[in-house]
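Worksheet: one structure, shown below.
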Amino acid sequence: MRHLTETIILENNAVAKNIFRMTLKCPEISRSAQPGQFVNIYFSDQIHIFPRPFSIAGATDEILNLIYRVVGVQTSQMAGWKIGQTVKILGPLGNQFTVDASVDNHVLIGGGVGVAPLIFLADKILQGGIEPQFFLGVKNRDEMPDGKFFRQLQDFHASSDDGSIGFHGTVVDNFLSHLPGIKKSVAIYACGPEKMNAALAQLAGERRYDCQISFERLMACGLGLCQGCTVKKNSTDAEAGYLLVCKDGPVFHSDRVMFND
Ligand SMILES: Cc1cc2nc3c(=O)[nH]c(=O)nc-3n(C[C@H](O)[C@H](O)[C@H](O)COP(=O)(O)OP(=O)(O)OC[C@H]3O[C@@H](n4cnc5c(N)ncnc54)[C@H](O)[C@@H]3O)c2cc1C
Ligand code: FES
């Protein structure tokens, strides 16, 4: 069940260049939050009436973590928020990743700040006694979040577009370079730029991997009211049309939707 609640900021620190982690005290939301779901953050000024959506990057009984990149007006405001300040948020919203424990290899693939929902998912998979494989691609070393996020992962693989950290190339190329060592069934869970998502969807289609992707779209309401966050259904889908990222997603099986690459 979703809650609209005033939360208290416990932490709001930079973890990489222009990337911040915010920790909020909000048991109402954190207790029921699942990996893949997101929250709407509201802003108290009269100009920015629309909330901003952020994936849940971790949740315990009391606490919710978000990881956000400063890209524009409202995320710049967020970077200036102080510990102890209150923030209005609504959540948890949207659907979640589904983990089938009978699959042999659980592969999490994140591009940039798309890492956020996958950190939460990795925690859940580890709690279930399964060791996931985690691939994270960034543009360069400056954008790689603090290593403490990935310390508990034994099978973590970093890459960067300019080669300044980890594998030199895209996160998809890094995953492809590991494919010969990956046996049996594979489930991919991804979140990142549209180009990365499209490449993974194609790969998953060719190799018949199960592939779930968390989508981002510009959102106004975040509640299924404005129809502003559409994604086109795959043309092979019997009922052609559109899905709403905020209401039907943000997580979709890659064969269910079309990609703008
Ligand atoms: C379900 C969902 C989960 C998200 N999770 C995260 C997250 O965990 N961490 C994170 O950093 N960001 C996340 N985003 C994106 C985040 O909501 C936007 O970056 C944020 O709303 C930008 O607000 P702004 O006012 O700073 O930017 P604006 O000033 O509004 O825009 C600045 C630039 O960012 C682009 N932008 C704005 N909103 C989005 C969006 N929703 N998707 C893609 N590009 C956008 C604009 O086109 C513009 O180029 C998520 C988006 C969705 C839909
Ligand atoms: S953001 Fe309004 S319907 Fe999805």
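All ligand and atom numbering here is 1-based and tracks the order in the structure.
- Taking only nitrogen or oxygen atoms, main chain and side chain alike, Ser76 does not reach within less than 3.5 Å of ligand 1.
- Of all protein N/O/S atoms, those lying under 2.8 Å from atom 4 (Fe) of ligand 2 come to 2.
- Evaluated by nearest non-hydrogen atom to atom 41 (N) of ligand 1, the leading choice among Glu194, Met78, Arg69, Arg217 is Arg217.
- Taking any N or O of Phe215, backbone or side chain, none lies under 3.5 Å from an N or O belonging to ligand 1.
- Of the N or O atoms in Val71, none lie within a sub-3.5 Å distance of an N or O in ligand 1.
- Between Val113 and ligand 1, no pair of N/O atoms sits closer than 3.5 Å.
- Of the protein's non-hydrogen atoms, the one nearest atom 9 (N) of ligand 1 is Ile67 O, 2.8 Å.
- Taking Ile, Leu, Val, Met, Phe, Trp and Tyr as members and joining any whose side-chain heavy atoms lie under 4.5 Å apart, directly or through other members, the hydrophobic cluster of Tyr209 also contains Val107, Ile109, Phe135, Val171, Val172, Phe175, Leu176, Leu179, Ile182, Val186, Ile188, Met196, Leu200, Leu203.
- From the protein, the heavy atom lying nearest to atom 46 (C) of ligand 1 is Leu218 CD2, 4.1 Å.
- Interatomic distance, Ile56 CD1 to Leu93 CG, rounded to the nearest 0.5 Å: 8.0 Å.
- Side-chain contact check for Asn40 versus Phe50: every heavy-atom pair is 4.5 Å or farther apart.
- Considering both main-chain and side-chain atoms, Gly72 comes within under 3.5 Å of ligand 1 through a nitrogen or oxygen pair.
- For atom 15 (C) of ligand 1, the closest heavy atom belonging to the protein is Glu216 OE1, 3.4 Å.
- The closest protein non-hydrogen atom to atom 23 (O) of ligand 1 is Arg52 NE, 2.9 Å.
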